[in-house]
Amino acid sequence: MEIPKLVAVLVALVVVLLSSEVATASVSYDHRAIIVNGQRRILISGSIHYPRSTPEMWPGLIQKAKDGGLDVIQTYVFWNGHEPSPGQYYFGGRYDLVRFIKLVKEAGLYLHLRIGPYVCAEWNFGGFPVWLKYVPGISFRTDNGPFKAEMHKFTEKIVSMMKAEGLYESQGGPIILSQIENEYGPLEYYDGQAGRSYAYWAAKMAVGLNTGVPWVMCKEDDAPDPVINTCNGFYCDYFSPNKPYKPKMWTEAWTGWFTAFGGAIPHRPAEDMAFAVARFIMKGGSFINYYMYHGGTNFGRTAGGPFITTSYDYDAPIDEYGLISEPKWGHLRDLHKAIKLSEPALVSGDPAYVALGRSQQATVYRSSKGACAAFLSNIDAGSYATVTFNGVHYNLPPWSVSILPDCKTAVYNTARVGAQSTQKKMEWIGGISLQSYTEQPDSLNDKSFAKDGLVEQISQTWDRSDYLWYTTYVNIGEDEQFLKTGQWPVITVNSAGHSLHVFINGELCGTGYGALDNPKFTYYGNVKMWAGSNKISILSVSVGMPNVGQHFESWNVGVLGPVTLSGLNEGKRDLSQQKWFYQIGLQGESLSLHTVSGSSSVEWGEASHKQPLTWYKGFFNAPAGNEPLAIDMGSMGKGQAWVNGESIGRYWPAYTASGSCGACDYRGNYDEKKCQAYCGGPSQRWYHVPRSWLKPTGNFLVVFEEWGGDPTGIGMVRRTVGSVCAQVNEFQPMTSLRNQDVPKVHLSCEPGQKIANIKFASFGTPQGACGSFSEGSCHAHKSYDALEKRCIGQESCAVVVAHEVFGGDPCPGTMKQLAVEAICE
């Protein structure tokens with residue numbers, strides 16, 4: 001070939017290769033937004049954690065997220081679920097990560113993969129496998145060779161798997177973002193230079209894996225280029241990235257908060273959630289992720305903390321059972337529509353700010369092509385404000401933002417909820433006939449072992465069981481004074497957490513436990529003993545390994561002592577250093593009593609009441625229908641439960657919720673203790689049983705009860721939407737969001753249900769809230785007529801909010817609204 005032709009061919013080849021390289025770099029960023037295929041995007045994302053639901057639930061959850069206006073699904077990658085033993089990987093069942101991501105792609109959504117591999121997430125051990133704790137010389141999340149080697153290996157494993165499956169956006173897949181580490185900034189501060197070195201290493205290691213998509217590090221102010229630092233919190237409008245050429249991203253917009261055993265259930269009002277998101281977008285934010293969009297369930301022993309409940313509902317827009325939570329889901333959906341209408345202006349440049357009052361402001365975005373969008377905010381938490389913008393008057397409720405996608409028409413206000421509300425209930429289906437088998441607290445099997453002194457619990461169990469028996473013997477002389485007086489000695493047990501039961505000669509003498517904010521505790525109790533040898537058995541119980549904190553791998557669990565007896569002739573006797581016998585787990589665990597085959601190895605009798613350390617078993621048929629199901633454990637104390645061999649998690653209804661429960665005002669800064677419910681009752685009463693785990697008949701339930709509950713109260717319940725409600729003003733600013741020219745009330749039942757009855761309807765000045773509406777001083781007497789005509793027998797309906805529809809104006813000159821409650825059956 002001639003040289004000129006050869007050069008031409010080579011040049012052409014180089015051009016092709018360079019073009020191919022540019023084409024693969026399909027996700028990038030600038031100061032304004034993430035750029036996908038050359039287009040800046042305002043991206044709305046939501047967290048759905050694949051192990052916190054079942055594969056059968058995933059398509060429905062993803063579709064509901066899409067219907068709610070999401071562009072992106074975000075998930076962590078759970079190391080301890082994927083590598084339960086070193087080098088032994090698992091990606092099946094609820095841990096089928098590839099299947100989950102492919103379902104996201106099928107739905108037409110993007111995915112943000114938070115590899116971590118530390119995840120926190122109120123997940124057991126923060127997502128780390130327990131074996132990692134025992135790698136020689138290891139120290140977690142710092143400049144430590146053994147830790148970095150294992151972290152690199154697992155991160156590379158996940159990235160290689162994603163590449164092999166073609167799941168990055170540059171390969172035609174849905175993954176547009178990845179995350180390394182998680183909320184490390186606060187720990188880095190305390191770890192000094194070692195922390196800074198580790199953070200830099202983690203960022204460079206991740207970037208070196210060449211995923212073709214940007215990496216983020218949340219709550220990491222010194223994230224090195226090209227990694228983007230991002231914000232987590234209840235509010236992030238104040239946040240700015242560490243470089244002016246990075247976009248403003250919010251990786252965790254907390255939709256609520258987790259629930260702990262002993263704590264009340266937190267709730268975050270939809271109005272405040274929408275206010276926080278609108279403020280963030282208004283201030284230049286371009287990526288927002290709801291944490292959580294579906295919280296789900298901590299099946300098995302995956303809950304961390306310790307003391308985190310099995311439910312991880314998180315007051316999310318989709319509840320634990322997969323049902324839409326209204327009005328939060330619908331109010332945020334309408335917000336997303338308003339943001340998307342504004343997107344052409346939002347991505348075009350930076351905003352201009354115009355003061356409209358002391359606490360009121362207009363934020364205006366304009367494009368070179370004439371697009372204009374404005375946000376009118378009122379951050380006063382107590383007062384309405386009337387402002388003038390572009391010569392037009394706008395009324396702003398307190399603590400709210402109005403969105404004007406054309407700089408003229410207010411299509412949405414964060415404090416004016418046009419979406420329906422729902423009243424959900426747990427409907428009793430029926431009890432379950434049970435038999436019982438009681439553990440022997442003083443039996444040691446052939447796997448027990450002896451040591452001088454007390455041992456740390458996790459070092460023995462490796463978290464394969466919540467339970468470790470500590471057993472020792474005490475000789476009591478016949479001359480002890482308490483044998484004559486009956487003033488029994490006192491045993492004192494200092495525990496590193498989380499719960500324990502003390503048995504003397506096979507009899508339960510007491511129980512102790514810690515709390516979320518302080519899992520360590522000291523147990524005191526009188527013990528009845530006799531002359532001669534006495535057997536002291538302490539069952540130490542873990543309730544989830546820690547998931548957050550500096551070097552939490554060094555935190556201890558179990559009876560670390562001292563253990564003392566006082567009230568003896570000699571005074572106080574320290575038992576800590578004498579010989580103790582240890583047994584890992586329960587007899588019922590070793591026999592696999594939670595399975596049908598294992599349960600046949602023991603004799604079961606009539607169900608006993610108030611008996612500690614008791615196993616219960618029974619059979620039930622799957623209820624008809626498709627409503628989500630749960631088991632009511634409200635009559636029980638503390639323990640674990642299984643259905644058809646699958647663990648539905650830890651239960652602890654006897655640990656009643658403390659907190660401040662009362663009226664909740666959306667206005668003003670939110671924190672996790674502001675709006676709480678169920679004080680004085682169980683932190684969790686109902687435990688989700690996925691329908692995919694059930695057979696039509698002969699489903700096998702096993703319960704292990706530690707404390708001694710009443711099994712006759714155990715029963716199946718279904719999660720249903722009993723009624724739907726809506727409140728819409730005459731001039732609700734939402735018309736263009738739903739392609740309508742006048743305000744309408746929209747009512748919608750769950751699939752398979754229809755509106756059977758209009759329980760309440762009032763056009764005028766109705767009072768109260770969903771479930772407790774009442775007529776106000778102004779009421780149109782034909783309020784029911786239009787609703788019954790258009791809605792009865794329908795799965796969904798819409799009714800215009802105008803006085804003509806209800807027979808005339810019942811109170812001229814007064815702002816009116818329509819309030820409705822409908823029963824779905």
Side-chain angles (χ1 to χ4, degrees), residues 27-36 40-45 47 72 74-77 110-121 126 141-143 148 151 155 159 175-209 211-254 276-277 279-291 347 350 548 550:
V27 184
S28 59
Y29 64 82
D30 64 14
H31 83 288
R32 192 62 199 93
I34 295 294
I35 300 171
V36 183
R40 287 175 173 168
R41 296 291 306 275
I42 301 296
L43 294 171
I44 311 295
S45 173
S47 290
V72 183
Q74 183 197 85
T75 186
Y76 282 124
V77 177
Y110 295 122
L111 187 118
H112 179 199
L113 191 65
R114 304 176 79 187
I115 298 177
Y118 166 73
V119 300
C120 184
R141 304 178 74 198
T142 190
D143 192 10
K148 292 193 295 184
M151 176 176 165
T155 304
V159 169
I175 301 174
I176 59 169
L177 292 165
S178 288
Q179 178 178 301
I180 195 68
E181 250 298 337
N182 187 50
E183 298 187 328
Y184 185 66
L187 270 69
E188 179 186 325
Y189 174 82
Y190 292 104
D191 213 19
Q193 182 56 48
R196 290 188 291 274
S197 297
Y198 165 69
Y200 182 84
W201 168 84
K204 292 302 181 184
M205 179 270 288
V207 171
L209 296 175
T211 62
V213 303
W215 288 85
V216 305
M217 297 179 85
C218 60
K219 296 179 73 170
E220 185 66 52
D221 291 342
D222 62 355
D225 289 353
V227 177
I228 308 165
N229 64 304
T230 66
C231 184
N232 292 356
F234 291 117
Y235 305 94
C236 279
D237 51 279
Y238 64 88
F239 171 77
S240 294
N242 61 17
K243 295 290 176 60
Y245 43 80
K246 295 179 182 179
K248 184 172 180 175
M249 300 177 63
W250 190 0
T251 39
E252 290 187 15
W254 298 333
V277 173
R279 289 273 298 174
F280 179 72
I281 299 296
M282 180 185 82
K283 291 291 189 72
S286 59
F287 178 97
I288 180 271
N289 175 77
Y290 296 102
Y291 189 97
V347 298
D350 298 318
V548 66
Q550 189 172 22

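Worth knowing before you read on, the calculation uses all heavy atoms, side chains too, and leaves out hydrogens, waters and symmetry mates. Numbering of residues begins at 1 and proceeds along the displayed sequence.
Residues satisfying the salt bridge (Lys or Arg N to Asp or Glu O under 4.0 Å) test with Lys148, not counting sequence neighbours, are Asp143.
Between the side chain of Ser286 and the backbone N or O of Ile42, no donor-acceptor pair lies under 3.5 Å. Asn242 places a side-chain N or O within donor-acceptor distance of the main-chain N or O of Ala223, the cut-off being under 3.5 Å. With hydrogens and angles disregarded, a donor-acceptor distance shorter than 3.5 Å links the side chain of Tyr184 to the backbone of Arg141. A distance-only check finds a donor-acceptor pair linking the side chain of Tyr29 to the backbone of Pro226 [under 3.5 Å]. In this structure, Lys219 contributes its side chain and Thr230 its backbone to no donor-acceptor pair below 3.5 Å. Between the Arg41 side chain and the Ile34 main chain, no donor and acceptor come within less than 3.5 Å of each other. Distance alone, capped at 3.5 Å, places no donor-acceptor pair between the Asn182 side chain and the Gly116 backbone.
Side-chain contact check for Gln74 and Ser47: at least one donor-acceptor pair (N or O, by modelled atom type) lies under 3.5 Å. At a cut-off of 3.5 Å, with distance as the only test, no side-chain donor of Asn289 or Thr251 sits close to an acceptor on the other residue.
Taking a cutoff of 4.0 Å between a charged side-chain nitrogen and a carboxylate oxygen, Arg114 and Glu181 do not qualify as a salt bridge.
Within the structure, every pair that satisfies the salt bridge (charged side-chain N to carboxylate O under 4.0 Å, His left out) test and touches residues 222-243, not counting sequence neighbours, is listed here: Asp225-Lys243, Asp225-Lys246, Asp237-Arg279.
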Would you sort out whether Phe234 and Trp254 count as a ring-ring contact (aromatic ring centres under 6.0 Å, His included), showing the intermediate values?
CA-CA 5 Å; Phe234 291 117; Trp254 298 333; 5.0 Å; yes

Let me see the working for Met205 and Thr155 under side-chain contact (heavy atoms from CB on, under 4.5 Å), right down to the final yes or no.
CA-CA 9 Å; Met205 179 270 288; Thr155 304; 4.0 Å; yes

Residues Cys218, Cys231; criterion disulfide (SG to SG under 2.5 Å); working and verdict
CA-CA 6 Å; Cys218 60; Cys231 184; over 6 Å; no

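The minimum heavy-atom distance linking Pro224 with Ala203 is given by the pair CG-CB, 3.5 Å.
For Tyr235, the OH atom sits in a packed shell: over 12 heavy atoms of surrounding residues, nucleotides or ligands are nearer than 6.0 Å.
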